[in-house]
Every structure is written in structure tokens, then in C-alpha cells.
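Below is one structure, written out as C-alpha cells; comments come after it.
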Amino acid sequence: PPSTRGLTVVNNLFLGVSDVALLLRDPAAADIFDYNVFSPSGPVTAEVGRGGAVPLSRFLYGGTMPHTQLKHGVHVVNRDLGRVTGIATVDRGKALEGLQFRGAAPDLGVAER
């Protein structure tokens, strides 16, 4: 919604994304949108603000989300988020207040216990 503010989107795996991978009408709505991995099933776009659709790769390489990656071939083995192939996920995320984790940083795609 137009009144959304303070949005935090970090430490996620977006797998099998098709068409539009990222749609954020108001970039000011997100305080933090980084430390994510997009693994699309084909060509995908990003739509941020009123700039229209651009290839996600071009948007990411523009430096807006320097720790977010576009990585093809990432898979979850047997539906177990502790077993991800195609990218290292351990200690690759961003620490946030109130987010508990083990190691040097949160893992991507999984709530650590």
C-alpha cells in the first residue's frame, strides 16, 4: 500500500521466480532490501518506482542492493532449507536487532534454531 514504510526484506531465497522478480512501487517504503538471493526459472524483471521494468540483473548490478545476488541453479534438497545447493547460505545474511542466529551472521533462507 502507498502508506507502507519501514519494510525490511533480508536473508531470503527467492527460488523459481518467473516474470517479475521484484516489484516495489515506492523505493522509500523499504528501510533495508538486501542480502537476498534470486534464483529465477527464466528471464525476470525488477520494477522499482516509476522507472518501469528492467532486467533484474541490470537492476542488481546498479548497486542498489550490493549484497543481493542473482544466481541460477539454486535448489532446496528434499524440501529441507538446511540443504540448499547452488550457493552457500551459511553465515551469508545480515544481522538485525531481535534476530537470533548462530555463527558469524544469519543463514540465508532459514530461521536458525
Side-chain angles (χ1 to χ4, degrees):
S3 61
T4 300
R5 293 287 181 264
L7 183 67
T8 298
V9 183
V10 298
N11 306 335
N12 298 289
L13 295 173
F14 296 98
L15 307 180
V17 178
S18 62
D19 195 21
V20 178
L22 171 61
L23 175 60
L24 189 59
R25 291 286 179 223
D26 182 1
D31 281 351
I32 303 172
F33 199 130
D34 204 359
Y35 293 87
N36 299 296
V37 174
F38 289 90
S39 186
S41 60
V44 291
T45 61
E47 296 182 26
V48 179
R50 302 199 190 285
V54 298
L56 179 62
S57 59
R58 189 168 95 196
F59 179 77
L60 292 180
Y61 296 125
T64 305
M65 299 185 292
H67 301 99
T68 292
Q69 298 179 50
L70 176 63
K71 181 81 172 172
H72 296 276
V74 177
H75 299 285
V76 175
V77 178
N78 295 327
R79 301 173 61 114
D80 180 356
L81 284 171
R83 298 176 57 205
V84 177
T85 62
I87 194 165
T89 59
V90 176
D91 293 346
R92 299 290 300 272
K94 175 159 180 62
L96 299 172
E97 186 178 332
L99 177 65
Q100 296 181 354
F101 60 90
R102 295 185 207 162
D107 296 347
L108 296 178
V110 61
E112 297 184 62
R113 300 188 201 289

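Since the model is a prediction, treat every value here as computed from it, not as a measurement.
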Given the rule that I, L, V, M, F, W and Y join up when any side-chain heavy atoms are under 4.5 Å apart, are Tyr61 and Val37 in one cluster?
-> no
Any link between Val17 and Val76 through a network of hydrophobic side chains (Ile, Leu, Val, Met, Phe, Trp, Tyr) touching at under 4.5 Å?
-> no
State, yes or no, whether a side-chain contact exists between Leu96 and Thr8 at a heavy-atom distance under 4.5 Å.
-> yes
Are Phe38 and Leu56 close enough, and set up right, to give a side chain to side chain contact (heavy atoms under 4.5 Å, CB included), and what steps lead you there?
-> CA-CA 9 Å; Phe38 289 90; Leu56 179 62; 3.7 Å; yes
State, to 0.1 Å, how close Ser18 and Ser41 come at their nearest heavy-atom pair, and which atoms those are.
-> CB-OG, 3.5 Å
For residues Ala30 and Leu24, report the shortest heavy-atom separation together with the two atoms involved.
-> CB-CD2, 4.1 Å
Closest contact, heavy atoms only, Pro27 versus Val48 = CG-CG1, 3.5 Å
Is Phe33 reachable from Leu15 through a run of hydrophobic residues whose side-chain heavy atoms are each under 4.5 Å from the next?
-> no
Judged by atom type as modelled, is there a donor-acceptor pair below 3.5 Å linking the side chain of Asp80 to the main-chain atoms of Gly82?
-> yes
pair Leu23-Arg25: side-chain heavy atoms closer than 4.5 Å | yes
Determine whether Asp34 and Pro66 make a side-chain contact, defined as any pair of heavy atoms from C-beta on separated by less than 4.5 Å.
-> yes
First locate atom CG of Leu81, then atom CZ of Arg83, and finally report the distance between them rounded to the nearest 0.5 Å.
-> 11.5 Å
Tell me, do Phe101 and Asp107 make a side-chain contact under 4.5 Å, heavy atoms counted?
-> no
Any link between Ile87 and Val90 through a network of hydrophobic side chains (Ile, Leu, Val, Met, Phe, Trp, Tyr) touching at under 4.5 Å?
-> no
Side-chain (Asn36) to main-chain (Thr68) donor-acceptor, under 3.5 angstrom | no
Passes side chain to side chain contact (heavy atoms under 4.5 Å, CB included), Phe14 versus Val44? Steps please.
-> CA-CA 12 Å; Phe14 296 98; Val44 291; over 6 Å; no
Applying the 4.5 Å side-chain criterion to the ILVMFWY set and letting contacts propagate, would Leu7 and Met65 be lumped into a single cluster?
-> yes
Do you know the tightest heavy-atom contact between Pro40 and Lys71?
-> CD-O, 4.5 Å
Heavy atoms, side chains only, cut-off 4.5 Å: are Pro106 and Leu99 in contact?
-> yes
Distance from Gln69 atom CD to Ser57 atom OG, nearest 0.5 Å?
-> 13.5 Å
Less than 4.5 Å apart, any side-chain heavy atom of Thr4 and any of Asp26?
-> no
Do Val84 and Leu108 touch side chain to side chain, with heavy atoms closer than 4.5 Å?
-> no
Test item: Asn11 side-chain N/O and Lys94 main-chain N/O as donor-acceptor pair under 3.5 Å | yes
Side chain proximity check, Leu22 to Phe59, heavy atoms < 4.5 angstrom | yes
